[in-house]
Amino acid sequence: MADFTKTAINQNAKREYISPIPSIDAFNEVVNAFKNDTSMGFTKKELTATTFKTKIVYFDAAGDEKAYVNVYAGDKTSFDDGTSLLRGTEASETFAGVGGSGSIEDKEDNWTAKFSCVNKVDDKEDAFTVTIGKDYMSINGFSYDETLAKIETWADSQTNLE
């Protein structure tokens, strides 16, 4: 019977920020900085996935929470349109069964962008995924420490990723 031969050692790493990225605009700046960076020498596919998520909470006239709606979108424009539609309009308040108002629950906000990348190390391809989130950045599936070092150096240069 044939034996299995190890072909790769995949590693994962995660950086949790001291403070979350403060806004969607700041998040998009970080995502675009990563996307457009050439100093790391990676081959990056186009952004493979983005998610914008928040929770809109509906309060009655007395200020008590009565209902909520989760909003998920694939881009900032859709996110802004969805939250605008569902926040503070008569239709959304009627839907929620309250006579008060709806507001975004900022602590429920979450934004992520995912990239598929390849780094050449000693004539070998190191394929991995980078996820940039509101609270963290992760690298999944890399094999070489050189790959992690390049991303860490880049992340250290980004003020919103501290």
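Positions are given from 1, in the same order as the sequence printed here. Basis for what follows: all heavy atoms, side chains included, without hydrogens, waters or symmetry-related copies.
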Subject >> Heavy-atom closest pair, residues S143 and Q11 >> reply: O-NE2, 3.2 Å
Original post:
Around atom CG of D122, are there more than 12 heavy atoms of other residues, nucleotides or ligands at under 6.0 Å?
Top reply: no
**OP:** May I have the step-by-step check of salt bridge (Lys or Arg N to Asp or Glu O under 4.0 Å) for K76 and D25, ending in yes or no?
**Re:** CA-CA 9 Å; K76 183 182 182 306; D25 290 334; 3.8 Å; yes
Subject >> Hydrophobic cluster membership, W154 vs F27, 4.5 Å side-chain cutoff >> reply: yes
Original post:
What closest approach, in Å, do G141 and N10 show between heavy atoms, and which atom pair accounts for it?
Top reply: O-OD1, 3.1 Å
Original post:
K14: what forms a side chain to side chain contact (heavy atoms under 4.5 Å, CB included) with it, not counting sequence neighbours?
Top reply: E16, Y136, S138
Original post:
Could K44 and F34 be counted as a cation-pi pair, given that NZ or CZ must be under 6.0 Å from the ring centre and within 45° of the axis?
Top reply: yes
Original post:
Are T50 and T112 side-chain neighbours, meaning at least one heavy-atom pair lies under 4.5 Å?
Top reply: no
Subject >> N119: which of K150, E146, K124 passes side chain to side chain donor-acceptor pair (under 3.5 Å) >> reply: K150
Original post:
Going by heavy atoms in the side chains, are V30 and L161 under 4.5 Å from each other?
Top reply: yes
Original post:
Got V130 and F42 here, is their nearest side-chain heavy-atom distance under 4.5 Å?
Top reply: no
Original post:
Do K55 and V71 touch side chain to side chain, with heavy atoms closer than 4.5 Å?
Top reply: no
Original post:
Are I139 and Y144 connected, step by step, through hydrophobic side chains (Ile, Leu, Val, Met, Phe, Trp, Tyr) whose heavy atoms are closer than 4.5 Å?
Top reply: no
**OP:** Compare all side-chain heavy atoms of T129 with those of F115 and state whether any distance is below 4.5 angstrom.
**Re:** no
Original post:
F52 vs F79 aromatic rings, parallel, tilted or perpendicular, using cut-offs 30° and 60°?
Top reply: tilted
